Number of protein chains: 2
Amino acid sequence: MGRNRATLADVAQRAGLSKTAASMVLNGREGTRLSAEAHQRVFAAAEELGYRPNLAARSLRTRKTATIAFVSDIVATTRFAGDLIRGALDAARERDHVLLITETQGDATFEQYAIEAVLDRQVDGVIYAAMATRRLTVPAAILGGPVVLLNATSPDGLPSVVPDDEGAGRSVATALLELGHRDAIALIGRNRLKEDDPEVSLAASARLHGIRQTLDEAKVGLLAECFCTEWLPEHGYAAMRSLLGKPKRPSAIICMNDRLAFGAYQALGEAGLTVPEDISVISFDDDPIAAWLRPSLATTALPHEQMGRRAVELLLDGGAAEPALVPMPLRRRRSLAPPAG
Amino acid sequence: MGRNRATLADVAQRAGLSKTAASMVLNGREGTRLSAEAHQRVFAAAEELGYRPNLAARSLRTRKTATIAFVSDIVATTRFAGDLIRGALDAARERDHVLLITETQGDATFEQYAIEAVLDRQVDGVIYAAMATRRLTVPAAILGGPVVLLNATSPDGLPSVVPDDEGAGRSVATALLELGHRDAIALIGRNRLKEDDPEVSLAASARLHGIRQTLDEAKVGLLAECFCTEWLPEHGYAAMRSLLGKPKRPSAIICMNDRLAFGAYQALGEAGLTVPEDISVISFDDDPIAAWLRPSLATTALPHEQMGRRAVELLLDGGAAEPALVPMPLRRRRSLAPPAG
DNA sequence: AGTGGTCGCTAAACTGATTTAGCAGAGCAT
DNA sequence: ATGCTCTGCTAAATCAGTTTAGCGACCACT
């Protein structure tokens, strides 16, 4: 790769100047007393030779690599990872940086390995990303330099970027209240583990809190709350079926994520009920299926691209120590209507 | 990042030997005549100091960075990108390499920039990935070193890795024939653009070819073929509705991808038909929704993780020039049954 | 005694950049 | 003529490794 690239020495020689002069000119150093003509010659030579600096050599001296490590627990399993990475990639490019991506798969050995691999390559900083919003403790090895937590917080008070799940909970509840839903709102997706253990999830309790707070202020209580062991379609399906077996039918359903809502749709379809005429549904995440469902599903979007971007900005430009909350926009879609009757 | 790391000189000094000796011992060089005791001392010193080599310095001399560039057109839009990356990441780790990931967004300027950025960092090779299987021409700049095309082929005969879509077409058709479906098989997702322009898609024509070939051999013709401008749920929905409006109802549907099948499910549900009792459905891709649908959708899986892995293997271990075809496994699920009656 | 070979190790060159320290010449005042 | 500053530029050190060339001690053989 990149055999016979022109070096700085080649440029200097062609320009009839020293490496020093060439280096200074190409780096646009202020206060050097090199003549305008010298500048010309260096630029011309660099252009003619197609000179590009060898960043390995440069970084040996400057201890800057213009490279950021993106270390995450699991890249592939959730479709959101791509957006996180894309946002980071964009912001990095704008700042002339590049991303070294590694995955730990939640395995301590792999993590150790991944971190050594990136530190050996002298990265300028580390973005430590979790695929589910949660609290975690970062490995001591990366604390030697700048670190930003992405989609996670840590007890050490490191800079971090997380979605505003509580705000999303408020948006969701508010949307239903505004439509006139009152005492027949049911919730699908309560989960003790996710709610109580911040190392499993921060989203569950924040969303729940936002919903409760808004409903409380309106003096509205939830009609029913269904617990689910996981947030997958089958659990949403089961929960919805159990809700429909009860005497009072809900006018609206809040699902803790879109996959649950997808399952709920299936149960509603089987029961011959239509969304939103019979029941409104609203949810969290804005998974691509939300837009594909019939009717399209109203939800609050995880702003993953924004978050990836913010993480890079925080890392390179510095920033506040308290977690950066990125708002989750409400996507109003067809699954919402005023309560029937 | 990584301030005050021990250097090779530190290790050598502590071991009471020269840098040369330390370097040779740590690199496990054969044929050096250093004593067993010298080996001991170097290893001990390295261990005690927590020595890790500075790869920037090493690569300056060796012109190897143990880093691979993963350049793709679009990382985020398809959920499959993650699997491609994950497979590549795994294979790279096994070979002590790391991935530098960039995205071109299909924009020539970004592409130019991305390629310069990775070449400046002296990567050992480039994986050039497309998110939809297609033919493309690679930028001349990366031809100076090893290149592997991932999910793409090129006219230049570069090594490449693509899914075996034709084989998948055969699997799909065979699965239906084996169940007894004959002359009432309909196809959803014909698309002239995708079929005729290899720079748009290679999958469409290969899948179609595999299906046709298998049906022809069994002397079976397609009942109907629906054209779709895109392969999205809404198009599958519309196509399915039009099929149901015709006099003869199909016994089985082949959808060119899972999103079309998802739309077809919606139309079938609305029409009060059940899968697979009334109509079998089979498809391509193995999108996560395929397993979430009720009934779960039989489909042929895009082996993205395998492909990412193969690309790294081809790049580092070398390999044949003809495209590596990665098989697409058939996922037999609940949407298949013998024809009714 | 001289020659040659092996053993165990090291000095120094080299990679391609940045950066520090300083040199030669011009202009000017004394 | 001397000392001073300013201008325009360069030599050499430096970063942290790898690699080439070779040195001194010891032994064996003729």
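Nothing here was measured: the structure is a model prediction, and the numbers come from that model. In what follows, every chain begins at residue 1, and chains take the letters A, B, ... in the order their sequences are listed.
- Computed from C1' positions of five pairs at each end, the angle between the two local axes of the helix from C:dA1-D:dT30 to C:dT30-D:dA1 equals 90°, rounded to 10 degrees.
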Please write out each protein N/O paired with an N/O of nucleotides 8-10 of chain D under 3.5 Å, distance rounded to 0.1 Å.
from   : atom 1 : to      : atom 2 : distance (Å)
D:dG8  : N7     : A:Arg33 : NE     : 3.0
D:dG8  : N7     : A:Arg33 : NH2    : 3.0
D:dG8  : O6     : A:Arg33 : NH2    : 3.1
D:dC9  : OP2    : A:Ser35 : N      : 2.6
D:dC9  : OP2    : A:Ser35 : OG     : 3.2
D:dT10 : OP2    : A:Ser18 : N      : 2.9
D:dT10 : OP2    : A:Ser18 : OG     : 3.0

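- The side-chain tip of B:Arg5 does not point at the ring of B:Tyr51 from less than 6.0 angstrom away and within 45° of straight on.
- Ion pairing of A:Asp120 with B:Arg58 is absent here, as no side-chain N (NZ or NE/NH1/NH2) approaches a carboxylate O to less than 4.0 Å.
- Not a single donor-acceptor contact under 3.5 angstrom links the side-chain atoms of B:Arg61 to the base of C:dT15.
- Distance A:Arg63 CZ to D:dT14 C1': 11 Å, rounded to the nearest Å.
- Closest contact between the side chain of B:Arg29 and the listed nucleotides D:dG17, C:dA17, D:dT19 involves D:dT19.
- By the neighbour-count criterion of 12 heavy atoms within 6.0 Å, atom CZ of B:Arg121 is densely surrounded, having more than that number from other residues, nucleotides or ligands.
- For the residue pair A:Asp73 / A:Thr104, no side-chain donor-acceptor distance below 3.5 Å is found, with atom types taken as modelled.
- Taken to the nearest 0.5 Å, the CG atom of B:Asp156 stands 8.0 Å off from the CG atom of B:Leu149.
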Evaluate the side chain to side chain contact (heavy atoms under 4.5 Å, CB included) criterion for residues B:Leu99 and A:Leu100: first the C-alpha distance (whole Å), next the side-chain angles of each, then the deciding distance (0.1 Å), finally the verdict.
CA-CA 6 Å; B:Leu99 250 46; A:Leu100 206 51; over 6 Å; no

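- In this structure, B:Leu26 places its CG atom 16 Å from P of D:dA16, rounding to the nearest Å.
- Between D:dT18 and B:Asn27, a contact under 4.0 Å exists linking OP1 or OP2 to a side-chain N or O.
- Atom CD of A:Gln105 has more than 12 neighbouring heavy atoms from other residues, nucleotides or ligands inside a 6.0 Å radius.
- Rounding to whole angstrom units, CG of residue B:Leu8 and C1' of C:dT10 are separated by 13 Å.
- Computed from coordinates, the B:His39 NE2 to C:dG8 P distance equals 11 Å when rounded to whole Å.
- Considering only the side chain of B:Ser23, D:dT18 comes nearest among D:dG17, C:dT18, D:dT18.
- In this structure, the side chain of B:Arg95 engages the main chain of B:Ala91 through a donor-acceptor pair within 3.5 Å.
- B:Thr7 comes within 4.0 angstrom of the backbone, heavy atoms only, and of no base.
- Salt bridge status for B:Glu103 with A:Arg93: absent, with no side-chain N to carboxylate O gap under 4.0 Å.
- Rounded to an integer number of Å, the gap from B:Arg5 CZ to D:dC15 C1' is 14 Å.
- Dashed line: the shortest gap from a side-chain N or O of B:Arg58 to OP1 or OP2 of D:dA16 is not under 4.0 Å.
- Remark: P of C:dC14 and CG of A:Leu60 are 17 Å apart, rounded to the nearest angstrom.
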